[in-house]
Amino acid sequence: MPDLKKPSSLLAFDFGLKQIGVAYGQTLTNNAKGIAIIKAVDGVPQWSEISAVIEEWEPNIVLVGLPLNMDDSESELSGRSRKFARRLVGRFNVEVQMVDERLTSQEAKSFVRDQAENQKGRIHDLTKIDHIAASLILQSWLNDPSLGQQP
């Protein structure tokens, strides 16, 4: 567990088979912001894009969303998400924690719909919300760091 008395920067990944949302946040401001969506093919990203994000933002901690079922059991995607997290550790030698991501995609879609209602006439692509979901994962950890668990 990191020393949360010192300011820390974080990246969060919302793992998916077609795209992976990325968010950045820090403990000093206690805020998270979606920054990117990285394309993936069957869950495999262009690792050079992941590397570029990690090099640019220099996180102390990396979070990966853990897609659990509503009954707390692991979903079909949970194992793939854990594998992605372990690869981040192996490739980039960063501290990685898994964070329950239940309902973050639905919450992100709701957020985008609400924004669209406030901007009448603008159409928003609900397939481009993974960075918002990643920011929700990160914000939940910022609100309660005990949510993090080992991959």
Side-chain angles (χ1 to χ4, degrees), residues 1-2 4 7-47 49-116 124-151:
M1 185 75 168
L4 297 179
S8 296
S9 63
L10 299 98
L11 281 177
F13 292 95
D14 178 37
F15 175 80
L17 298 178
K18 294 182 181 177
Q19 49 193 30
I20 298 168
V22 186
Y24 172 78
Q26 52 181 300
T27 58
L28 185 64
T29 61
N30 204 42
N31 287 327
K33 178 182 179 182
I35 57 170
I37 296 175
I38 296 174
K39 295 289 182 197
V41 177
D42 195 27
V44 179
Q46 288 292 326
W47 287 104
E49 291 181 47
I50 302 284
S51 179
V53 168
I54 289 174
E55 286 177 23
E56 178 179 353
W57 295 95
E58 299 179 346
N60 302 99
I61 305 165
V62 175
L63 307 173
V64 176
L66 180 61
L68 297 173
N69 293 317
M70 294 309 287
D71 66 357
D72 289 337
S73 64
E74 298 236 342
S75 73
E76 192 174 314
L77 207 51
S78 295
R80 307 263 321 252
S81 184
R82 286 184 188 280
K83 183 177 181 179
F84 173 74
R86 288 189 303 271
R87 286 190 171 159
L88 290 171
V89 172
R91 286 176 180 261
F92 304 106
N93 194 31
V94 291
E95 178 181 347
V96 176
Q97 295 182 20
M98 305 297 295
V99 177
D100 182 352
E101 69 167 38
R102 277 179 283 197
L103 306 179
T104 55
S105 292
Q106 288 86 341
E107 193 175 341
K109 285 178 185 175
S110 176
F111 174 80
V112 169
R113 283 189 190 105
D114 290 347
Q115 294 293 98
H124 293 272
D125 184 353
L126 293 179
T127 65
K128 305 278 191 253
I129 59 152
D130 297 294
H131 64 301
I132 297 169
S135 72
L136 293 170
I137 292 165
L138 202 159
Q139 191 64 56
S140 68
W141 186 94
L142 287 169
N143 294 341
D144 184 3
S146 71
L147 295 175
Q149 57 178 272
Q150 295 301 310

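Reckoned from all heavy atoms, side chains included, excluding hydrogens, waters and symmetry mates. As the structure is a computational prediction, the values presented were derived from the model and not from experiment.
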For residues [X] and [Y], determine if any side-chain heavy atom of one lies less than 4.5 Å from a side-chain heavy atom of the other.
X	Y	value
Val22	Ile37	no
Arg82	Leu66	yes
Arg80	Asp42	yes
Trp141	Leu10	yes
Val94	Asn60	no
Val99	Ser140	yes
Leu68	Glu74	yes

Pair Ser75-Ser78, side-chain donor/acceptor within less than 3.5 Å: yes
Candidate pair Ile50 and Ile38, rule side chain to side chain contact (heavy atoms under 4.5 Å, CB included), full reasoning: CA-CA 8 Å; Ile50 302 284; Ile38 296 174; 3.6 Å; yes
Exam field: side chain Asp144 to backbone Ser146, donor-acceptor pair closer than 3.5 Å: yes
Thr27 side chain vs Ser8 backbone, donor-acceptor pair below 3.5 Å: yes
Aromatic ring pairing Phe13/Phe84, orientation class (parallel under 30°, perpendicular over 60°, tilted between): perpendicular
Under the side-chain hydrogen bond (donor to acceptor under 3.5 Å, both in side chains) test, residues paired with Glu49 that sit two or more places apart: none
Heavy atoms of other groups near Asn93 CG, more than 12 under 6.0 Å: no
Ser135 and Gln139: CA distance, side-chain angles, deciding distance, side chain to side chain donor-acceptor pair (under 3.5 Å) verdict: CA-CA 6 Å; Ser135 72; Gln139 191 64 56; over 6 Å; no
